[in-house]
Amino acid sequence: MKRFAIVLSAAILGLSSAVASAHDYKLGSLEIEHPFARATPPNAPVSGGYMTIQNNGKTADRLISGAADFADRVEIHEMKMEGDVMKMRQLADGLEIPAGGEVDLKPGGYHIMFIGIDSQFKDGETRSATLTFEKAGSIDIDFKVQDMRAMQGHMKKDDDEAMDHEKTGHGKMEHGEMEHGEMDHGKMKQDD
């Protein structure tokens with residue numbers, strides 16, 4: 001009986017490892033870990049996509065574009081604080097993934113922007129998109145949709161302090177010359 005319990009435990013652990021890694025992707029020397037997207041309120045025109053991209057190769061690569069049937073456009077963006085203003089901008093030349101390094105796409109930093117989405121992103125859904133890298137080529141990715149509460153573990157600022165955009169009150173967000181329509185910023189304080 002004890003042997004059966006050990007074998008059963010090993011089988012369960014092996015299965016859970018396979019399931020955990022089932023949401024990760026490999027393309028050449030690139031590994032894409034846990035892609036997820038933000039759940040949206042009804043009629044929201046945009047959502048964000050997040051993941052970690054590791055480059056195990058000896059040369060840098062670059063995330064240069066994306067495409068999705070559910071969005072008019074897929075763009076690569078960066079958010080960062082400049083003084084007391086959070087600014088978002090499109091990375092027209094893409095995002096470099098350094099050789100032997102990794103880049104986190106996360107709320108409040110680099111991210112994929114799904115613009116002109118065709119329907120609400122609901123928690124628990126999966127949305128498929130294609131990401132294109134300069135050297136590695138293209139790969140189809142499934143983004144698991146998560147609500148903001150589930151995403152809190154992925155929201156880091158300076159790798160130590162959790163960042164909650166609904167509570168920061170950090171002032172204006174400038175979206176440059178992008179045409180996103182109205183954006184839902186939760187309860188974020190807006191300077192007039």
Side-chain angles (χ1 to χ4, degrees), residues 19-27 30-53 63-80 86-92 94-95 97 102-133 138-157 162-168 170 172-190:
V19 170
S21 64
H23 195 224
D24 294 342
Y25 300 84
K26 185 160 177 50
L27 177 65
L30 301 178
E31 292 182 20
I32 300 166
E33 300 172 355
H34 187 66
F36 63 101
R38 179 183 177 187
T40 61
N43 302 315
V46 299
S47 183
Y50 313 97
M51 70 202 81
T52 298
I53 304 171
L63 175 60
I64 56 173
S65 67
D69 290 340
F70 60 81
D72 294 335
R73 294 189 323 269
V74 176
E75 297 178 352
I76 304 153
H77 284 203
E78 174 186 36
M79 289 181 72
K80 66 179 182 178
M86 177 68 84
K87 292 190 176 186
M88 181 189 307
R89 68 182 179 100
Q90 179 182 2
L91 299 175
L95 176 61
I97 315 300
E102 73 178 34
V103 176
D104 287 322
L105 283 76
K106 60 186 179 182
Y110 297 119
H111 59 280
I112 303 296
M113 195 77 170
F114 301 115
I115 302 169
I117 59 176
D118 64 5
S119 60
Q120 180 180 7
F121 280 30
K122 296 180 182 177
D123 188 38
E125 293 178 337
T126 300
R127 297 292 178 120
S128 296
T130 301
L131 299 180
T132 301
F133 294 86
S138 296
I139 186 169
D140 293 331
I141 300 288
D142 288 331
F143 288 85
K144 291 184 179 179
V145 177
Q146 298 177 345
D147 70 17
M148 285 301 289
R149 290 177 298 268
M151 292 171 55
Q152 290 299 319
H154 297 281
M155 297 180 74
K156 298 288 183 181
K157 180 178 152 190
M163 179 191 255
D164 182 350
H165 281 281
E166 292 183 0
K167 296 178 184 172
T168 59
H170 51 56
K172 288 184 188 177
M173 289 188 75
E174 290 185 10
H175 295 95
E177 297 178 22
M178 296 186 304
E179 296 178 20
H180 294 308
E182 289 186 37
M183 292 186 73
D184 175 27
H185 291 99
K187 297 176 185 173
M188 219 164 133
K189 178 182 172 189
Q190 298 291 317

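We count residues from 1, following the sequence as given.
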* Asked: Does Lys122 NZ have over 12 foreign heavy atoms under 6.0 Å away?
  -> no
* What do you reckon, is CG of Asp118 surrounded by more than 12 foreign heavy atoms closer than 6.0 Å? -> yes
So which atom in [X] and which in [Y] form the shortest heavy-atom distance, rounded to 0.1 Å?
X	Y	answer
Asp142	Pro35	O-CG, 3.5 Å
Ala129	Ala68	CB-CB, 3.9 Å
Thr40	Ser47	CG2-CB, 3.6 Å
Asp123	Ala39	N-CB, 4.1 Å
Ile97	Leu63	CG1-N, 4.4 Å

Calculate, to the nearest 0.5 Å, the distance between atoms [atom1] and [atom2] belonging to [X] and [Y] respectively.
X	Y	atom1	atom2	result
His34	Gln146	NE2	CD	4.0 Å
Thr126	Lys144	OG1	NZ	6.5 Å
Leu27	Asp140	CG	CG	10.5 Å
Glu33	Thr52	CD	OG1	5.5 Å
Arg38	Asp147	CZ	CG	10.0 Å
Arg89	His77	CZ	NE2	10.5 Å

* To do: Quick one: sort the Phe121 and Phe70 rings into parallel, tilted or perpendicular, breaks at 30° and 60°.
  =>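 Rings of Phe121 and Phe70: perpendicular, as their planes differ by over 60°.
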* Where do Ile32 and Phe133 land on the side-chain contact (heavy atoms from CB on, under 4.5 Å) test, with the steps shown first? -> CA-CA 12 Å; Ile32 300 166; Phe133 294 86; 4.0 Å; yes
[Y] side chain reached by [X] side chain, heavy atoms, under 4.5 Å:
X	Y	answer
Glu78	Leu95	no
Val46	Ile117	no
Asp24	Glu31	no

* Passes side-chain contact (heavy atoms from CB on, under 4.5 Å), His111 versus Met88? Steps please. -> CA-CA 10 Å; His111 59 280; Met88 181 189 307; 4.1 Å; yes
* To do: Walk me through it: do Tyr25 and Leu131 pass the test side-chain contact (heavy atoms from CB on, under 4.5 Å)?
  => CA-CA 11 Å; Tyr25 300 84; Leu131 299 180; over 6 Å; no
* Asked: Excluding sequence neighbours, so at least two apart, what forms ring pair (Phe, Tyr, Trp, His ring centres under 6.0 Å) with Phe143?
  ->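 Scan of Phe143 (ring pair (Phe, Tyr, Trp, His ring centres under 6.0 Å), adjacent residues dropped) gives Phe114.
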